[in-house]
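Take a look at the structure set out below.
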Amino acid sequence: MTNINKYFIANLKMYGNKKYVKSIKKVIDFKKKKKYTKVKLIYCPPYTLLSDFVNYTKNSSIEVGAQNCHQDEFSGSYTGSISPNMIKSLGAKYIIIGHSENRISGDNNSIINKKIISALSQKLNVIFCIGETFKEKKNNKTKSVLKKQIISGLKKVKKINKVIFAYEPVWCIGTGKIPKTKEIRDQFIFIKKLIKNRFNSKNPIIVYGGSVDPKNIKSLNQISEIKGFLVGGASRKPNKFIDIIKKSII
Ligand code: PEP
């Protein structure tokens, strides 16, 4: 994961059917421009479209990831669940783990840790989401929450260099709000230091997520600690997603 100047990860959430896949042609063509060679672009569609995305992007440098997985690496009696091994077999390279929308529906730090270990055992890369709720922020708990999420989530994890960290304040996801520049920088410095010290990782990749759009991307790009973006809503429209990348790579 070196030699990359910025990461752009599209989290399509539960949006998109078969017809949607071809709409990303614009993004594929855009990514072929020399100027964006060092940009890493990852699409995370719903499970149902993983194969389509892998096939449709196969002659491009765009990579594909899933939005979640079961903690069991291979198989089991878990109705409706998908394992890292199944995701890998479709040609996906990444899995988002610990997204707040999945934490809300039951993924605690211990389950997240098991999911991360299973995904890494399948030689997949992990996009590990962390972030505080508004209540935690108001109670000055942000740093302790982040610390707990990171330390518990990465318990016994060895391949830290296969993990991209996504700092996503929960109160910013889908709300149109973003933290103040100073707050983001502060949390990034804290997260980076923690990962370096605890896990001996020289240069962890940390991206920001939460209401990123073409209007706020310029100010977010002033924060040099941010190595890229996890984009939800604004990634669904190819033109908006391209605009975000264009404004980031000057
Ligand atoms: C997300 O779901 O990870 C996300 C950042 O969503 P949005 O960009 O819509 O806030």
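If you're wondering where the values come from, they're calculated on a predicted model, not measured in any experiment. FYI, side chains are in, hydrogens and waters are out, and symmetry mates aren't considered; it's all heavy atoms of this structure. For ligands, and for the atoms within them, numbers begin at 1 and follow the listed sequence. Throughout, residue positions are numbered sequentially from 1 according to the sequence presented.
Between Asp72 and Ser83, the side chains place no donor N or O within less than 3.5 Å of an acceptor N or O (distance only, hydrogens not considered).
Residue, atom and distance of the protein heavy atom nearest to atom 9 (O) of ligand 1 are Gly233 N, 2.8 Å. Protein heavy atom at the shortest distance from atom 8 (O) of ligand 1 is Gly232 N, 2.9 Å. Looking only at protein heavy atoms, the nearest one to atom 5 (C) of ligand 1 is Glu168 OE2, 3.0 Å. In terms of protein heavy-atom proximity, atom 2 (O) of ligand 1 is closest to Lys13 NZ, 2.6 Å.
Close N/O approach between Ile173 and ligand 1 is not found [any backbone or side-chain N/O within under 3.5 Å]. Annotation: His99 places an N or O atom under 3.5 Å from an N or O atom of ligand 1; distance criterion only. Close N/O approach between Val231 and ligand 1 is not found [any backbone or side-chain N/O within under 3.5 Å]. Checked by distance only, ligand 1 and Glu101 stay at 3.5 Å or farther apart across all their nitrogen or oxygen atoms.
Transitive grouping of hydrophobic side chains (ILVMFWY, heavy atoms separated by less than 4.5 Å) keeps Ile189 and Ile206 in distinct clusters.
Ring-plane geometry between Tyr167 and Phe188 is classed as perpendicular, the angle between the planes exceeding 60 degrees on a 0 to 90 degree scale with a lower cut at 30.
Which parts of ligand 1 touch Asn11 is read off a 4.0 Å heavy-atom cut-off, strictly below it: atoms 1 (C), 2 (O), 3 (O).
Contact record, Ser100 with Ile173: OG-CD1, 3.3 Å, taken as the closest heavy-atom pair.
Checked against Asp29 for a salt bridge (charged side-chain N to carboxylate O under 4.0 Å, His left out), the options Lys33, Lys26, Lys25 give a single hit: Lys25.
At least one heavy atom of Gly210 sits less than 4.0 Å from an atom of ligand 1.
Other residues, nucleotides and ligands contribute at most 12 non-hydrogen atoms within 6.0 Å of the NZ atom of Lys123.
Ion pairing between Lys40 and Glu63 holds under the 4.0 Å rule for side-chain N and carboxylate O.
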